[in-house]
Amino acid sequence: MAVAETAAPTPAAPAPASDAVPTVIADNVNIIYKVTAGSGGKGTAATAFRRILKRQDRPTIREVHAVKNVTFTAHKGDAIGLIGRNGSGKSTLLRAIAGLLPPASGAIYTGGQPSLLGVNAAMMNDLTGDRNVVLGCLAMGMTPEEIDKRYDEIVEFSGIGDFIDLPMSTYSSGMSARLKFAIASAKTHDILLVDEALATGDAEFRVRSEQKIKDLRDQAGTVFLVSHSLDVVLDTCNRAIWLDKGVLRMDGDVKEVVDAYNQEATGKR
Ligand SMILES: Nc1ncnc2c1ncn2[C@@H]1O[C@H](COP(=O)(O)OP(=O)(O)OP(=O)(O)O)[C@@H](O)[C@H]1O
């Protein structure tokens with residue numbers, strides 16, 4: 001059972017408009033990773049054999065309780081910044097909303113298809129940017145006609161220029177993040193989950209991506225954004241959720257939450 005570990009601002013969910021449509025409901029979600037600890041090596045047959053020879057015990061399983069009793073409701077048109085210190089459970093919660101990590105207890109209900117856009121989202125590195133645009137769009141369920149229509153816009157937005165005809169293995173990490181973001185944002189997503197993708201672009205691209213996220217919000221989607229840049233969160237989101245060691249510390253208006261988070265960070269120095 002998780003308990004907020006420090007005296008904290010009370011979690012206060014923002015009051016939604018009466019006609020607000022819920023898109024994501026997290027109900028008392030707990031996520032626990034199980035990791036082997038103290039095995040003195042990787043879990044291979046060779047290490048198991050060595051363990052038998054040395055008459056050692058099996059490696060113990062350690063649990064990492066990454067998200068603790070988190071409850072919130074997101075609505076259409078919300079852009080929610082997930083903030084918190086390193087290891088506070090932001091990416092874990094995002095992956096759980098995407099359906100990639102099952103909660104140990106509690107549940108996440110989504111109305112619509114969540115799409116996770118991470119900088120590490122799989123792309124085919126040996127293929128050209130051009131082929132990856134087509135592949136990525138097909139994977140998002142777009143028809144070849146739709147891809148034809150949106151292709152120029154995607155390449156334009158990515159700002160990749162002539163590199164579009166070269167294999168993605170020749171791109172810098174910022175360039176491939178830009179292309180991924182351009183592909184992902186070519187479609188209107190019900191629920192778009194963005195994990196630090198904006199951090200890798202340059203300042204000019206960041207401004208354009210932030211505008212794109214605002215457009216997605218206006219198209220009545222829901223956006224979750226994990227970012228260490230509080231400025232990006234303030235500029236892009238209307239709401240923020242502050243996670244602290246897996247516990248939801250505060251949920252509310254973006255400015256209020258970021259202020260409280262900053263206050264604690266400076267108070268602790
Ligand atoms: N695959 C994994 N196996 C075991 N433990 C993990 C795994 N991924 C994350 N954790 C642990 O879960 C906790 C939350 O990690 P998570 O990556 O969700 O935090 P975060 O807030 O996104 O961190 P950061 O800001 O550093 O990216 C941490 O204690 C981390 O060590």
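All ligand and atom numbering here is 1-based and tracks the order in the structure. These numbers were taken from a predicted model, which means no experiment stands behind them.
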*Hey, mind stepping through Ile164 and Leu179 against side-chain contact (heavy atoms from CB on, under 4.5 Å) and telling me if it holds?*
CA-CA 9 Å; Ile164 200 71; Leu179 188 60; 4.1 Å; yes
*Give the residue and atom name of whichever protein heavy atom lies nearest to atom 16 (P) of ligand 1, and the separation in Å to one decimal.*
Thr92 OG1, 3.5 Å
*Starting from atom 29 (O) of ligand 1, find the nearest protein heavy-atom neighbour and note its residue, name and distance.*
Val64 CG1, 3.8 Å
*asked:* Against ligand 1, does Lys34 come closer than 4.0 Å with any heavy atom?
replied: no
_atom 17 (O) of ligand 1: the protein heavy-atom neighbour that sits closest, reported with distance to 0.1 Å_ = Ser91 CB, 4.0 Å
*Which atoms of ligand 1 sit under 4.0 Å from any heavy atom of Ser88?*
19 (O), 20 (P), 21 (O)
*Any chance the side chains of Gln263 and Asp259 put a donor and an acceptor closer than 3.5 Å?*
no
*Please write down residue, atom name and distance for the protein heavy atom closest to atom 26 (O) of ligand 1.*
Asn86 ND2, 2.8 Å
*asked:* Taking the side chain as everything from C-beta on, heavy atoms only, tell me whether Val194 gets closer than 4.5 Å to Phe224.
replied: no
_Of Asn30, Asn28, Asp27, the residue whose pairing with Ser105 passes side chain to side chain donor-acceptor pair (under 3.5 Å)_ = Asn30
*asked:* Is atom 31 (O) of ligand 1 near the protein, in the sense that some protein heavy atom lies at less than 4.0 Å from it?
replied: no
*How close does the nearest protein non-hydrogen atom get to atom 19 (O) of ligand 1, and which residue and atom is it?*
Gly89 N, 3.2 Å
_Within-4.5 Å side-chain heavy-atom neighbours: Val24 and Ile191_ = yes
*Considering only protein heavy atoms, which is closest to atom 21 (O) of ligand 1, and at what distance to one decimal place?*
Lys90 NZ, 2.8 Å
_Give me the residue, atom name and distance of the protein heavy atom closest to atom 9 (C) of ligand 1._
Tyr33 CE1, 3.4 Å
*Identify the closest protein heavy atom to atom 28 (C) of ligand 1: which residue and atom is it, and at what distance?*
Gly87 O, 3.8 Å
*Which is it for Val35 and ligand 1 at heavy atoms under 4.0 Å: side chain, backbone, both or neither?*
side chain
*Does a sphere of radius 6.0 Å around CZ in Phe157 hold more than 12 heavy atoms from other residues, nucleotides or ligands, not counting ones at 6.0 Å or beyond?*
yes
_Looking only at side-chain N and O atoms, does Tyr261 offer a donor or acceptor that is under 3.5 Å from a partner on Asp244?_
no
*Under 3.5 Å, is there a donor-acceptor pair linking the side chains of Ser91 and Asp195?*
yes
*Taking the side chain as every heavy atom from C-beta outward, state whether Trp242 and Leu248 have any pair of such atoms under 4.5 Å apart.*
no
*Closer than 4.0 angstrom: is that true for some heavy atom of His228 and an atom of ligand 1?*
yes
*At a 4.0 Å threshold, what atoms of ligand 1 neighbour a non-hydrogen atom of Arg85?*
21 (O)
